[in-house]
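Here's the structure, in structure tokens; my notes come after.
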Amino acid sequence: MSVALRNAQRVVPVRRAPLRRAVCILRAALGAARFDVGVICAGNGLMRRLNGAYRQCPQPTDVLSFPFHRLTAGELPRPRCRDEYNLGDIFLGVEYIHEQCRHSGEDLDGVLAATAAHGLCHLLGYQHNTESEWQQMYRKEAEILEELNRLTGARLRPLTAGLF
């Protein structure tokens, strides 16, 4: 199925091909290669509006996920028709992530891929509100990033490292 990638910001240049490839690998590592996913690269303004509207926190952030299905962590959707072969949408706060990378010295492409992994896990029901949820999500992120690292030679770590 497809990865629909849209760059909705103009502040930070985004290399689409590596990001699309990473999302395809991560989606396959989750066992969800047959499902569509939308990835929107957003600036601080859009992320601020979305974060305010959906999380009552009107400030920019790195990632917001909007699942198509309500799932328990690790569960795959059970579509009844073609239109339900959709995981949902991930908004990557590219401008916010770029600012963080400038301060940390990390590679933007790598952090975008790790952030997409985090967003994909959220689309499949993983959360990190409690320590046990965090442990489960951290393990899944580490597992799929290990596969991405193996195939690309990267050395990416889960976004949730050190959260608890």
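With values rounded to the nearest 0.5 angstrom, Glu106 atom CD is found 9.5 Å from Leu156 atom CG. Here the CZ-CD1 distance, from Arg150 to Ile25, works out to 9.0 Å after rounding to the nearest 0.5 Å.
The minimum heavy-atom distance linking Ala114 with Glu141 is given by the pair O-OE1, 4.4 Å. Met47 and Pro60 make their closest contact through CB-CA, 4.2 Å (heavy atoms, listed as atom of the first residue, atom of the second, distance).
In the hydrophobic clustering of ILVMFWY residues, with side-chain heavy atoms under 4.5 Å counting as a link, Ile40 and Ile90 come out apart. The cluster map of Ile, Leu, Val, Met, Phe, Trp and Tyr, joined by side-chain heavy atoms under 4.5 Å apart, puts Leu19 and Phe91 in different clusters. Under a hydrophobic-cluster definition in which Ile, Leu, Val, Met, Phe, Trp and Tyr are linked whenever side-chain heavy atoms come within less than 4.5 Å, directly or via other members, Leu159 and Tyr138 are assigned to different clusters. Criterion: ILVMFWY side-chain heavy atoms under 4.5 Å apart, direct or through other members. Under it, Val63 and Trp134 are not part of a common hydrophobic cluster.
Leu30 places none of its side-chain heavy atoms less than 4.5 Å from the side chain of Leu87. In this structure the side chain of Phe68 never reaches within 4.5 angstrom of the side chain of Pro77, judged on heavy atoms. Contact annotation: the side chain of Asn86 never approaches that of Pro79 to less than 4.5 Å [non-hydrogen atoms, C-beta and beyond]. Residues Leu145 and Leu26 meet the side-chain proximity criterion, which asks for heavy atoms closer than 4.5 Å. For the pair Val12 and Leu108, the minimum side-chain heavy-atom distance is below 4.5 Å. Inter-residue side-chain proximity for Leu112 and Cys41 is flagged as unmet; no heavy-atom pair is nearer than 4.5 Å. In this structure the side chain of Glu95 never reaches within 4.5 angstrom of the side chain of His98, judged on heavy atoms.
Aromatic ring pairs are classed by plane angle as parallel below 30°, tilted from 30° to 60° and perpendicular above 60°; the pair His118 and His122 is perpendicular.
Although no hydrogens or angles enter the test, the distance criterion places no donor-acceptor pair under 3.5 Å between the side chain of Glu75 and the main chain of Gly125. Proximity of a side-chain donor or acceptor of Arg27 to a complementary backbone N or O of Ser2 within less than 3.5 Å is detected. In terms of modelled atom types and a separation under 3.5 Å, the side chain of Asp62 and the main chain of Ile97 share no donor-acceptor contact. With hydrogens and angles ignored, the 3.5 Å screen pairs a side-chain donor or acceptor of Glu133 with a backbone N or O of Asn129. Side chain of Arg20 to main chain of Val3: a donor-acceptor pair is present (N/O by atom type, distance under 3.5 Å, no hydrogens or angles).
A salt bridge between Arg102 and Glu99 is absent, with no side-chain N of the basic residue lying under 4.0 Å from a carboxylate O of the acidic one. Here Arg82 pairs with Asp36 in a salt bridge; the nearest charged N to carboxylate O distance falls below 4.0 Å.
By the 6.0 Å contact criterion, CD on Gln100 is enclosed, its count of non-hydrogen atoms from other residues, nucleotides or ligands being greater than 12. Within 6.0 Å of CZ in Arg80 there are 12 or fewer heavy atoms belonging to other residues, nucleotides or ligands.
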**OP:** Apply side chain to side chain donor-acceptor pair (under 3.5 Å) to the pair Asn51 and Arg55, showing each step before the final yes or no.
**Re:** CA-CA 5 Å; Asn51 208 15; Arg55 297 183 64 232; 3.0 Å; yes
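In this structure, a donor-acceptor pair under 3.5 Å is present between the side chains of Gln9 and Asn7.
Taking the six-membered ring wherever Trp is involved, the centroid distance between the rings of Phe66 and Tyr54 falls below 6.0 Å.
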